[in-house]
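For reference, the structure discussed in these notes is given below.
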Amino acid sequence: MSVLEARAVSFTYPDGTRALAEVSVAVEHGEIVAVLGPSGAGKSTLFKCFAGLERPTAGQVVVEGTDLATLRGKALRLAQHRIGLVFQEFHLVGRASVLSNVLVGRLATANPVTSLVHWMSRADRTVAVELLTRVGLSEQVRKRADSLSGGQRQRVAVARALSQQPELLLADEPVANLDPVLAAGVIDDIVRMVREEGLTAVLNLHDVTLARRVAQRIVGMREGRVMFDLPVAEVTDAILADLYANEGLAADAAAREEVAA
Ligand SMILES: Nc1ncnc2c1ncn2[C@@H]1O[C@H](COP(=O)(O)OP(=O)(O)O)[C@@H](O)[C@H]1O
Ligand SMILES: [Mg+2]
């Protein structure tokens, strides 16, 4: 059984924008899959459907055999808790400590009635500190989140996502806000943690080099469709050039408009 499956998923935003057109992708246990594609391809929309944050207009998102659309209330929350999310923006509480930010991930799995007690639990703290240590932040545990660098903040976000002990990690352009050297370091940390925990991961990336280095499989998306779904060794430069064809032109046009304005 696939860990995660999109079955002919289409998605249209309320304004009529068709972001996904019959996307089918299956992710198997233990795989690291990179989703690549130009801006506007539908990567983030697919991520939101996978995470249950948006409901497909047509088609199904199936998590370990269960169609997310058939779940309500507690059952839906439980299914969502099996999925750890990392976004481009780190979504940390800047004034709270690094440790508190990670403990929020533990809180997400707790019963609301016991969550205050849970907050104080020694076991949770142990898990949180251990995760922070594994992403190289053992010295930062007590610091305010907003005192950290961008790369460190995204590592806190990764530790938070993993602290809920998910089976699947979804990351939407997790390093898009970081410079290339920092980006590579954070991606390497994410992938190392995913492997150590025996998790499955889907990473939306814009950086082809990073994707090739860490993924076993690459799904290429463009204009809401899957253009290819191949083992990384079969993804040639020509295939990638096709995927991004004309994107440079669009960016150039945007830059010219900016200069003209
Ligand atoms: N909230 C929204 N409302 C309307 N259209 C949207 C919204 N979010 C994204 N889109 C559009 O949906 C398409 C896919 O966007 P997105 O999933 O963000 O692509 P990507 O993450 O690959 O850049 C684009 O045409 C984008 O402009
Ligand atoms: Mg996006």
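Along the sequence shown, residues carry numbers from 1. Each ligand, and each atom within it, is numbered from 1 in the order the structure gives.
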Test side-chain contact (heavy atoms from CB on, under 4.5 Å) on V135 and M193 and set out the steps.
-> CA-CA 8 Å; V135 291; M193 300 286 275; 3.8 Å; yes

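- Sorted by first and then second residue, the salt bridge (charged side-chain N to carboxylate O under 4.0 Å, His left out) pairs involving residues 24-39 (not counting sequence neighbours) are E31-R217.
- Other residues, nucleotides and ligands contribute at most 12 non-hydrogen atoms within 6.0 Å of the CZ atom of R225.
- The residues lining ligand 1, counting any heavy atom closer than 4.0 Å, are Y13, D15, T17, A19, P38, S39, G40, A41, G42, K43, S44, T45.
- Between the side chains of S10 and R18, at least one donor N or O lies within less than 3.5 Å of an accepting N or O.
- With sequence neighbours excluded, the residues that form a side chain to side chain contact (heavy atoms under 4.5 Å, CB included) with V3 are H29, E64, L168, T200.
- Residues E5 and V25 have side chains not in contact (no heavy-atom distance under 4.5 Å, counting atoms from C-beta outward).
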Going through the distances and angles, do V156 and L137 end up as a side-chain contact (heavy atoms from CB on, under 4.5 Å)?
-> CA-CA 8 Å; V156 176; L137 295 177; 3.6 Å; yes

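- The number of heavy atoms from other shown groups lying within 6.0 Å of CD (E196) is above 12.
- With waters left out, the protein N, O or S atoms under 2.8 Å from the Mg ion (ligand 2) add up to 1.
- One finds no salt bridge joining R222 and D242 here, because no Lys/Arg side-chain nitrogen approaches an Asp/Glu carboxylate oxygen to under 4.0 Å.
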